[in-house]
Amino acid sequence: MVIEKHYSACALNCPDLCAFVVHVEDGRIIRLEGDSNHPYTLGRCCPKGYAHVLRMYSTDRILYPLRKQIDGSFKRISWNEACHEIAEKITSAKKKYGAQSIAIYSGSGNDGMAPRYASRFANTLGCRMIPGIAEICFEGAYEGARFNVGPFPPHELSDWANSRCIVIWGTNKHESSIHTKRIIQQAIDNGAKLIVIDPRRTPYARMANIYTTIRPGTDGALALGIASEIVTRDLYNREYVKKYVIGFDAFRERVSQYDKKRVSELTWVSEEIIEKIAKTFATHGPALISTGPAGMNHYTNGTWAARAVHSLLAICGYLGVSGGGFQYLSSDNSPFNGNAVSLDDHLPNDIRPIAPSGTYLPEYILSHTDNPIKIFVIQAANPITQWPNSDKTKEAFDKIPFKVCIDLELTDTARLCDIVLPATFIFEHDNLVHSELHRIVQFAPKIVQPQGEARNELEIWGDIAQRIGLGEYFALTERDAIKLALNSKDCEGITIERLKQHPEGLRTRSAGIPFADFRFKTTTGKIELYSKELESFGLDPVPFHEEPAESPMATPNLYKEYPLIMITGRLGTRLHSQYTAVEVGATVKSFSYCTSCQKCVNECPDEAIQLVRPTSKQIQQDVKDSKDGMARLRHELGSLIDGLAVELSDEQLNIPLEMTALLVPQWDAIKCIGCRECQIDVCPYDVVTDPIRMPSRGDSTRKCAFLRMHWKTALDLGLEDEDRVSIESLRGRVDNIYLELTADIDPRVVWSSDGWWEDSGNINNLTDDEHTAFGYTPGFNSVLVRVRPYVE
Ligand code: SF4
Ligand code: SF4
Ligand code: SF4
């Protein structure tokens with residue numbers, strides 16, 4: 001059978017946006033690898049990317065429209081039945097209660113074009129889609145920085161290499177944006193200093209010139225403390241400040257209140273480190289600050305923290321220059337003509353979404369005695385696990401009479417819906433994607449037929465629209481929509497045809513270095529450390545620190561009862577509530593075939609394999625499996641050198657490392673990215689098991705949510721590694737969580753990742769639905785918890 005090669009791109013709302021080469025045999029995808037022609041990702045993906053093929057054919061996928069039965073089970077129905085019922089319900093709700101009684105929400109689960117189709121439906125129906133993708137993710141901190149400089153795109157990744165000081169502030173790029181590593185390393189090789197600020201000792205922290213922990217939620221205070229040192233020591237850039245900054249005197253006055261002694265008490269950062277960061281940052285520029293959505297943004301004070309942190313770049317003259325900048329996400333930087341697809345201007349401007357973001361919806365619903373939302377259609381989103389305060393979300397969901405979910409799997413949210421519609425996956429529809437990090441646009445065409453009766457989102461919305469008299473707005477194909485989106489200034493010259501010729505993608509025309517002309521997009525055209533806009537809202541016009549809603553200082557009595565600060569973040573193997581079942585890490589099928597040729601060691605792109613001394617267990621197993629060859633040699637020599645290794649033990653034998661022929665490969669599951677090179681392309685002897693696995697959700701062996709804790713804290717609580725624990729906050733409790741002990745986290749802080757489903761320990765049962773001052777971002781990290789042994 002002929003194997004065809006196709007090109008595609010990731011649509012997981014990840015900034016790296018890898019390009020793929022997809023191998024198809026007889027209409028079925030048999031392999032995925034990174035496209036080495038992509039200028040940034042260079043053919044390497046993360047485990048999620050490699051797991052796409054497994055997810056595509058997973059038995060967890062919904063293949064047909066489903067209707068919920070009285071007993072809670074789901075029954076297959078036809079598309080005709082499903083769309084007919086949805087259309088009838090929408091028509092009747094609109095007539096009786098108005099279009100605003102219908103809530104339409106899209107998450108980022110299928111990024112690119114799909115959210116725009118949902119928006120097109122909402123706008124033509126008359127209700128506006130409820131926002132959420134930017135808001136829940138990064139908007140709070142973005143708004144804070146925006147008060148300083150106006151709307152801005154992130155600095156293009158390639159320019160990071162020109163930085164002389166990189167500050168990684170509250171983000172673990174090792175997990176959340178793996179391709180930044182190569183560029184950061186380039187900068188370091190060119191002499192850049194690396195400063196890492198994080199309560200977790202991340203892999204970047206281990207490489208850093210300066211590393212410090214920080215009390216979660218005090219980023220703004222630390223920034224003002226560093227600024228105070230810079231100003232006091234006269235290390236700021238006077239000329240730049242004079243030319244481009246408004247409000248420096250007020251800022252100087254403000255930072256004088258944040259001397260290093262006070263800031264050290266507030267932040268847990270030592271005075272010495274505050275001084276050191278200030279000196280390095282100010283004298284070893286240009287410097288950039290890289291932060292992430294799950295860091296300072298996810299505190300209730302995220303807007304104010306980001307504004308203060310961003311101010312450091314302003315006073316040192318690092319905005320608008322190569323090697324500088326605030327490396328963050330932006331909601332003002334889509335290169336596409338979004339409106340042409342979503343038809344935002346179909347409705348008058350004064351028609352607003354009923355809630356500023358999805359995470360406000362539970363409060364909106366519960367605060368009305370008669371819930372105004374009669375229908376909720378949710379696309380590629382899992383609010384039950386992704387919105388804060390899950391109990392409140394569930395309570396609000398209960399009050400909505402009719403709910404529909406469009407998704408790939410029967411998620412916790414889908415299970416609460418009346419009708420569930422099966423969506424197509426990345427390789428089953430046409431899509432257009434873009435990364436702010438590298439500004440490359442890619443076309444991801446339909447490669448194979450959909451599984452079962454799955455349909456793409458445009459078809460789904462189009463079918464419903466047709467039945468309610470809005471068919472004229474959906475008389476277009478996905479490729480028509482993509483052409484509309486490409487009709488923009490930034491995408492001039494980029495067409496589907498050219499993208500097909502360049503599957504690695506094409507660079508848009510947007511500038512790589514924001515504000516290179518030093519014309520900032522504020523009302524004054526300067527960087528505003530004194531913001532008249534904020535003043536006009538009755539808010540403090542100068543950067544300041546505010547405590548998070550829950551913290552040892554803001555709520556000291558609560559802290560006595562809940563004495564640990566819990567933060568949540570991203571994992572390389574997961575994205576929000578997607579891929580929670582991916583397991584990475586090669587293991588050995590049988591050492592008996594291993595010739596110790598070291599090919600796997602040499603070829604592994606991530607140094608995830610090394611040859612180590614065998615254990616007696618391994619060599620005994622070898623002999624059982626094979627009567628001759630390498631296994632026997634290893635056994636006999638091993639016995640000679642180490643004495644008869646008859647006892648089965650996991651202790652490595654005392655064989656000299658120079659005797660490489662006796663060594664066996666060992667895989668490091670943390671470093672392994674699951675690319676399968678060692679299994680498919682490298683090892684000639686079928687020694688290795690599949691390094692990337694995705695058991696179905698029904699598989700009882702899958703892991704539950706974890707909590708990482710410092711071993712000293714565990715000792716105080718009488719807990720041990722791998723214990724099962726319960727975590728409690730003021731909002732609720734999650735049980736049966738897997739405890740991972742480490743020395744790489746501040747003992748006063750515990751860390752987990754978001755997105756675990758209800759049956760695995762949904763961490764958002766603990767978080768609060770307080771939001772940032774601007775940007776409508778939930779303060780996921782502003783949460784105090786206590787941890788106890790789990791009792792069944
Ligand atoms: S999720 Fe993984 S495969 Fe997808 S773009 Fe990000 S790094 Fe690449
Ligand atoms: S161990 Fe194998 S699967 Fe893992 S990164 Fe190395 S080559 Fe890829
Ligand atoms: S696992 Fe395969 S590639 Fe690696 S050393 Fe053994 S035989 Fe060679």
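Ion pairing between a basic and an acidic side chain is recognised when a charged N comes within 4.0 Å of a carboxylate O; Lys261 and Asp259 show no such pairing. The existence of a salt bridge linking Arg206 and Asp744 is confirmed by a sub-4.0 Å separation between a basic side-chain nitrogen and an acidic carboxylate oxygen.
In this structure, a donor-acceptor pair under 3.5 Å is absent between the side chains of Glu547 and Asn301. With hydrogens and angles left out, the side-chain atoms of Asp490 and Thr508 include no donor and acceptor closer than 3.5 Å. Using modelled atom types and a 3.5 Å distance limit, the side chains of Ser531 and Glu535 yield no donor-acceptor pair. Judged by distance alone, the side chains of Asn13 and Ser108 do bring a donor and an acceptor atom under 3.5 Å apart. A donor-acceptor pair shorter than 3.5 Å can be found between the side chains of Asp219 and Trp169. Side-chain contact, Arg307 with Asn148: a donor N or O sits under 3.5 Å from an acceptor N or O. For the residue pair Thr713 and His710, no side-chain donor N or O sits within less than 3.5 Å of a side-chain acceptor on the partner. A side-chain donor-acceptor contact under 3.5 Å links Thr171 and Lys173. A donor and an acceptor atom, one from each side chain of Arg215 and Thr267, are nowhere located under 3.5 Å apart. Defined by atom type and a distance below 3.5 Å, a donor-acceptor pair is present between the side-chain atoms of Glu156 and Tyr40. A donor-acceptor contact under 3.5 angstrom links the side chains of Ser753 and Arg574, judged on distance only. Side-chain contact, Glu436 with His438: no donor N or O sits under 3.5 Å from an acceptor N or O. Inspection of the Asp189 and Gln185 side chains reveals an N or O donor paired with an N or O acceptor under 3.5 Å. Between the side chains of Thr41 and Asp16, not a single donor N or O lies within less than 3.5 Å of an accepting N or O.
Residues Phe706 and Leu571 have side chains in contact (heavy-atom distance under 4.5 Å, counting atoms from C-beta outward). Considering only heavy atoms from C-beta on, Leu766 comes within 4.5 Å of Ile727 through its side chain. At a threshold of 4.5 Å between non-hydrogen side-chain atoms, the residues Asn297 and Thr291 do not count as touching. Inter-residue side-chain proximity for Ile136 and Trp387 is flagged as met; some heavy-atom pair is nearer than 4.5 Å. Proximity of Arg254 to Tyr258: side-chain heavy atoms (C-beta onward) are separated by under 4.5 Å at one or more points.
Judged by distance alone, the side chain of His298 and the main-chain N or O of Cys137 form a donor-acceptor pair under 3.5 Å.
Ring centroids of Tyr142 and Phe152 are separated by less than 6.0 Å, placing the two rings close together. Ring centroid separation for the pair Tyr236 and Phe248 comes in under the 6.0 Å cut-off.
When each of Phe515, Tyr240, Tyr244, Phe281 is paired with Tyr318, the ring pair (Phe, Tyr, Trp, His ring centres under 6.0 Å) condition holds for Phe281 and for no other. The residue from Glu275, Glu272, Glu265, Glu271 that alone fulfils the salt bridge (Lys or Arg N to Asp or Glu O under 4.0 Å) condition with Lys260 is Glu275.
Taking all atoms of both residues into account, the shortest heavy-atom contact from Glu550 to Thr555 is CA-OG1, 3.7 Å. Annotation for Pro778 and Pro388: closest pair CB-CG, 3.6 Å, computed over non-hydrogen atoms. Here the shortest heavy-atom pairing between Ala161 and Gln186 reads CB-OE1, 3.3 Å. A pairwise comparison of heavy atoms in Pro286 and Val321 identifies CB-CG2, 4.1 Å as the closest pair. Nearest heavy atoms, Thr300 versus Ala549: OG1-N, 2.8 Å.
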*List the steps and the verdict of ring pair (Phe, Tyr, Trp, His ring centres under 6.0 Å) for Tyr776 and Tyr360.*
CA-CA 8 Å; Tyr776 312 113; Tyr360 286 75; 5.6 Å; yes
_Could you walk me through whether Val309 and Trp304 satisfy the side-chain contact (heavy atoms from CB on, under 4.5 Å) test, starting with their C-alpha distance in whole Å, then the side-chain angles of each, then the deciding distance to 0.1 Å, before giving a yes or no?_
CA-CA 9 Å; Val309 169; Trp304 308 129; over 6 Å; no
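Taking CZ of Phe147 as the start and CG of Leu534 as the end, the distance is 4.0 Å to the nearest 0.5 Å.
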